Amino acid sequence: MTRAVIIGAGIVGSACAEALTRRGVEVVVVDRSAVGSGTTSRGEGNILVSDKGPGTELSLAELSRRAWLEVGELIGPSLIELEEKGGLVVAQSRAGLEALARFATGQRAAGVTALDVGDPQVLEPRLAAGLPGAVHYPEDMQVQPVLAAAALLAAALERGATFRTGTDVTAAVRDGDGSLSGIRTADGQVIEADVVVNASGTWGGEVSERLGAPVPVLPRRGFVLVTEPLPPLVRHKVYSADYVDNVGSSDAGLETSCVVEGTRGGTVLIGASRERVGFDTTLSVPVVETLARQAVALFPFLARVNLLRVYRGFRPYCPDHLPVIGPDPRVPGVIHACGHEGAGIGLAAGTGRLVGDYVTGARTHESAGEWAELLPDRFAGPSEQQV
Amino acid sequence: MSTTDVLVVGAGPAGLACAATILEHSSLSVVVVDAGHGPGGQYWRQPAPAVGADALDPAELADLHHDRARFDALLHRLEQGRTDGRLQLRSQHHVWSAVPDMQGYAVHAVDRGRGPSHVPGSTTVARALVLATGAFDRALPFPGWDLPGVMTVGGLQALLKAGGVVAGRRVALGGTGPFLLPVAAGLARHGATVVGVYEANRPARWLREGRAVARNAGKLGEGAGYAAALLRHRVPVRAGRMVVAAHGADRVEAITLARLDRAGHPVPGSDQRVAVDAVGVGWGFSPQLDLAVTLGVDLTPDVAGTEVVAVDDAQRTSRPGVYAAGEVCGVGGAPLALTEGRLAAAAVVADLTDGRVPADVVSSARRVVTRQRAFATAILRAHPVPAGWADRLAPDTIVCRCEEVTLGAVRAAIDERGARDARQVKQLTRTGMGWCQGRVCGYAAALLSSGRPGPAVERLVAAPVPLGTLGALAEPTARPSRRTGISDDAM
Amino acid sequence: MSTFEFDGAGIEFRPGQTIGAALVAAGQVSWRTTRVGGVRRGLFCGIGICFDCLVTVEGEPNQRACLVVAEPGLTVTTQEGTGHEHD
């Protein structure tokens with residue numbers, strides 16, 4: 001039986017554990033902390049197709065959406081607060097609406113359901129009046145990330161997987177031929193394994209170095225605002241379409257693009273900002289103020305609603321903004337599954353499927369096919385590939 | 001935005017003493033920001049300023065403040081500072097964030113004193129920041145603790161000091177700590193029948209702390225004064241007893257007491273039911289650390305394992321320009337807070353000016369702080385939360401009052417899903433996600449899941465702020481984000 | 001005597017008191033219902049920490065009765081659940 005160690009019990013590691021045990025792989029999940037306690041616990045729980053243009057990421061999002069629905073069937077959608085609530089992308093100017101329409105046309109060609117909405121207030125009565133138009137994406141979904149990670153891990157444990165919390169991985173253990181035979185932990189133990197899955201999210205870069213197969217995963221700070229509990233007044237995931245006609249900016253500065261959505265708990269979540277500032281934990285008041293202003297512009301009733309909490313997280317991103325998923329030829333046995341940036345929850349279930357294919361040999365580095373763009377090779381210089 | 005040399009958060013004994021000392025020994029400008037209706041904090045809590053023939057007169061409640069003269073002297077000093085244009089006191093301002101700024105520290109507050117529908121925000125930038133944010137009552141759940149009429153001991157005291165109101169005709173007090181006594185005495189003097197003060201610990205514990213107690217004879221005298229008052233009003237003080245349940249339909253009508261064994265567990269069969277119409281329960285105090293934690297200053301555990309702000313012998317925190325005084329450095333009572341406030345002022349004056357607070361003032365303050373910290377530590381040791389505090393909880397006992405999460409749900413998160421600290425309990429059950437952000441239930445959630453008070457919780461927003469208030473402050477500087485900007489599930 | 005209105009009835013108070021203190025003095029111990037269990041709540045911590053004493057003042061929900069100062073003529077109403085109207 002194949003033995004796999006999964007490093008990281010976040011949403012991606014937990015989804016991998018569920019997918020691997022489903023295929024009969026013997027799994028040990030290790031994490032420094034508890035299930036879903038890193039970036040997973042700092043997110044809104046988006047499972048989106050609406051924000052992705054045609055390409056590999058959209059393909060993965062569509063695979064992942066189907067996989068999430070199956071996970072929901074397995075676990076029970078209400079236990080993980082899985083809701084097919086749909087997304088509504090709202091234009092706030094004529095130019096914005098034109099750009100949004102062009103973007104949606106491209107998505108439709110790639111199979112996304114994107115419905116033009118003339119009067120956004122029909123779908124979201126509390127939206128500001130007079131907005132020029134919107135696009136409705138009924139396929140967008142939401143999940144409660146920590147509950148989902150915990151449930152996925154629990155499903156794996158039921159099938160015989162083990163979870164070792166409080167465990168820090170220091171190195172890969174390799175055979176004479178250089179292939180992997182296990183991992184070493186900070187307390188000096190060796191856990192034997194045929195494959196190691198690097199699902200360590202924002203810390204994926206550091207873990208990949210310890211495994212001898214470095215991939216560049218960097219932190220990108222974000223804040224999410226959480227309001228007081230409210231009745232269900234926001235029905236969809238509602239975003240501003242501003243992002244569509246502002247493509248191309250990728251410098252270190254602050255970017256905000258307002259996302260407003262309700263939760264089962266009654267709170268409204270307002271995201272999200274992006275800054276490349278390393279692991280700086282300081283609260284950025286201008287970011288909070290800007291997100292609040294944008295949210296109130298979309299939903300005027302929010303002006304009198306209190307902000308109760310802000311949470312801050314560090315998204316794991318790769319320089320080309322695509323996740324790194326697949327076997328690393330430099331250390332046979334190492335499979336990466338990290339760097340999902342702001343889409344980790346949504347892409348987790350599909351990532352689990354891909355990792356399952358690679359672990360069982362149903363798919364190999366050579367037969368990656370449409371997923372070749374996600375392989376770690378894309379970062380390696382020629383000399384590193386010889387290692 | 002406004003600027004000042006020194007910003008003091010909190011107008012209780014520590015903050016007031018700090019501001020007054022800075023005004024006296026320097027020419028620095030000082031802003032004091034406080035959530036209360038006027039200066040005083042919880043200790044010198046007063047009715048809101050009011051006029052009119054039927055207005056509540058602080059003199060009616062003067063008996064509740066045995067060191068009123070000291071308070072008046074501080075107010076006098078502040079009034080002089082205000083006249084000189086060097087002091088601003090901003091009451092009813094709730095600080096929601098304090099962050100580093102190029103000029104020092106930026107403190108963001110909302111003004112809750114302009115009526116419910118007008119909540120303006122303000123930002124003050126200061127070269128030095130003094131955290132004198134105090135503490136709040138530590139509560140622990142028990143069956144019925146969410147019935148109207150069940151309050152914290154401090155809540156009963158606040159109602160009396162600020163409102164002149166006794167919460168009920170028949171009042172019981174429970175929990176632990178010397179604070180129970182003055183509250184009982186005050187309630188009795190103002191017309192309540194205090195049916196009993198139920199102190200979970202036993203006075204014998206004090207004897208073990210003999211040295212620290214002996215060196216604080218003044219404090220003992222104070223305690224003796226309350227004891228005499230309680231005797232006069234025939235208030236029974238019963239040690240080794242705990243309120244294990246409150247009963248009633250729409251409000252509390254009775255409580256059940258149990259006797260605790262030596263190990264701190266309720267003794268089976270010792271239950272006794274007492275009719276009441278108000279109850280106050282308090283298990284000591286939790287320091288108000290929200291600003292300190294987000295500023296990233298070093299913390300240190302007190303003898304009971306509760307994290308407090310770590311300061312040097314001049315009340316400097318680990319962060320240059322940030323000072324702390326009073327209960328945030330460890331709960332120790334008003335005299336200690338006052339002295340620490342003066343010490344913090346001396347450090348601010350030394351760090352920001354060429355002047356000095358006289359050396360003898362500083363050295364005598366340091367001696368007082370050393371002595372009183374030892375006393376505070378002795379009190380903490382003598383008044384632990386009993387080991388059996390949770391023995392009598394039921395599966396349907398509410399743990400998180402805001403989100404209405406039961407003990408059963410919390411236990412399931414711990415036993416079935418492996419939650420090992422309050423944060424994990426929160427993620428799995430919503431315990432601590434409501435209006436109070438875990439300030440009430442967080443201590444219990446930590447004890448239940450980890451057996452310890454746990455690390456201080458990070459709350460990036462220290463007080464609720466209307467989104468409209470925030471939005472009005474925003475400059476549209478940030479750029480809309482690109483391609484993946486809207487997908488922020490895993491940030 | 002100064003009064004404000006609570007659920008249509010006059011509540012006498014002494015200027016300087018909070019709404020919470022005035023209600024307790026008038027014999028009221030609860031003025032909101034919770035959004036999950038629908039049970040009644042009133043003052044608990046009394047100093048603005050616990051948010052259990054939330055009440056609607058002048059139509060504005062979620063005001064802490066222990067902090068808002070009573071004023072003549074104010075309209076105060078029991079708060080049900082979140083205090084916000086459903087769609």
Side-chain angles (χ1 to χ4, degrees), chain B residues 35-37 42 45-52 54-58 92 94 112-113 115-117 136-137 139 145-152 154-160 162-168 250-252 277-278 286 288 398 401-405 434-437 439-440 463-464, chain C residues 1-3 12-72 74-76 81-83:
Chain B
H37 299 115
Q42 303 310 330
R45 187 178 254 266
Q46 305 292 316
V51 290
D54 54 346
L56 202 51
D57 182 355
Q92 292 179 275
H94 297 239
R112 294 265 176 199
S117 57
F136 53 88
D137 282 72
W145 76 310
D146 52 332
L147 280 171
V150 180
M151 294 178 65
T152 64
L156 291 178
Q157 177 81 324
L159 199 52
L160 180 57
V165 176
V166 291
D250 275 342
R251 61 172 299 162
V252 65
D277 56 8
S286 293
Q288 176 56 273
I398 293 285
R401 302 168 67 96
C402 300
E403 296 298 296
E404 298 168 80
V405 183
W435 270 101
C436 91
Q437 291 290 296
R439 291 179 179 93
V440 175
Chain C
M1 195 72 184
S2 306
T3 59
E12 294 190 343
F13 70 96
R14 298 185 62 189
Q17 287 180 323
T18 62
I19 285 173
L23 286 172
V24 169
Q28 289 285 340
V29 288
S30 61
W31 43 80
R32 82 169 174 111
T33 60
T34 61
R35 67 182 209 282
V36 179
V39 299
R40 299 194 67 80
R41 296 274 177 86
L43 289 178
F44 180 68
C45 83
I47 61 169
I49 293 289
C50 77
F51 295 83
D52 240 349
C53 66
L54 297 177
V55 70
T56 298
V57 180
E58 297 288 288
E60 209 61 58
N62 297 310
Q63 304 301 310
R64 281 165 277 182
C66 71
L67 296 186
V68 180
V69 179
E71 282 174 40
L74 277 184
T75 303
V76 179
T82 65

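Model, not experiment: these values are computed from the prediction. Residue numbers start from 1 in every chain, and the chains themselves are labelled A, B, ... in the order their sequence lines are given, proteins ahead of strands.
In this pair, W435(B) and F51(C) present their aromatic rings parallel. The plane angle is below 30°, not in the 30 to 60° band.
Heavy-atom pairs under 4.5 Å with chain B were tallied for T18(C), V39(C), L54(C); the largest tally goes to L54(C). The candidate with the highest count of non-hydrogen atom pairs below 4.5 Å against chain B, out of C45(C), A25(C), S30(C), is C45(C). The residue among G46(C), G48(C), P15(C) with the most heavy atom pairs within less than 4.5 Å of chain B is P15(C). Contact tally against chain C (heavy-atom pairs below 4.5 Å) for A50(B), P47(B), P148(B): the top residue is P148(B). Chain B forms more heavy-atom pairs under 4.5 Å with one residue of C66(C), C50(C), A70(C) than with any other, namely C50(C). For the set R112(B), R439(B), H94(B), H37(B), the entry with the most heavy-atom pairs within less than 4.5 Å of chain C is H37(B).
For chain B, no part of L74(C) is nearby; none of its heavy atoms comes within less than 4.5 Å. Interface residue V51(B): only backbone heavy atoms are found under 4.5 Å from chain C. Neither the backbone nor the side chain of D277(B) comes within contact range of chain C, judged by heavy atoms closer than 4.5 Å. Within the 4.5 angstrom heavy-atom criterion, atoms from both the backbone and the side chain of A55(B) approach chain C. Contact annotation for Q46(B): neither backbone nor side-chain heavy atoms come within less than 4.5 Å of a heavy atom of chain C. With a 4.5 Å cut-off on non-hydrogen atoms, S2(C) touches chain B through its backbone and its side chain both. Only the side chain of A139(B) comes within contact range of chain C, with heavy atoms under 4.5 Å apart.
A distance-only check finds a donor-acceptor pair linking the side chain of R41(C) to the backbone of R401(B) [under 3.5 Å]. Side-chain atoms of E60(C) do not come within 3.5 Å of backbone N or O of P116(B) as any donor-acceptor pair.
The two residues V24(C) and V166(B) make their nearest non-hydrogen contact at CG1-O, 4.4 Å. When all heavy atoms of P464(B) and R64(C) are compared, the pair lying nearest together is CD-NH2, 4.4 Å. Scanning all heavy atoms of the two residues, the minimum distance from G163(B) to A21(C) falls at CA-CB, 4.1 Å. Annotation for L43(C) and M151(B): closest pair O-CG, 3.4 Å, computed over non-hydrogen atoms. Closest non-hydrogen pair, I49(C) versus C436(B), comes out as O-CB, 3.5 Å.
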>> side chain to side chain contact (heavy atoms under 4.5 Å, CB included) for E12(C) and D54(B)? Distances and angles first, verdict last.
In response: CA-CA 11 Å; E12(C) 294 190 343; D54(B) 54 346; over 6 Å; no
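For the atom pair CZ (R14(C)) and CG (L56(B)), the distance works out to 5.0 Å, reported to the nearest 0.5 Å. One finds the CD1 atom of I47(C) at 11.0 Å from the CD atom of Q157(B) (value rounded to the nearest 0.5 Å). Note: E404(B) CD to R35(C) CZ = 7.0 Å, rounded to the nearest 0.5 Å.
Using a 4.5 Å heavy-atom cutoff, the side chains of E403(B) and V36(C) are not in contact.
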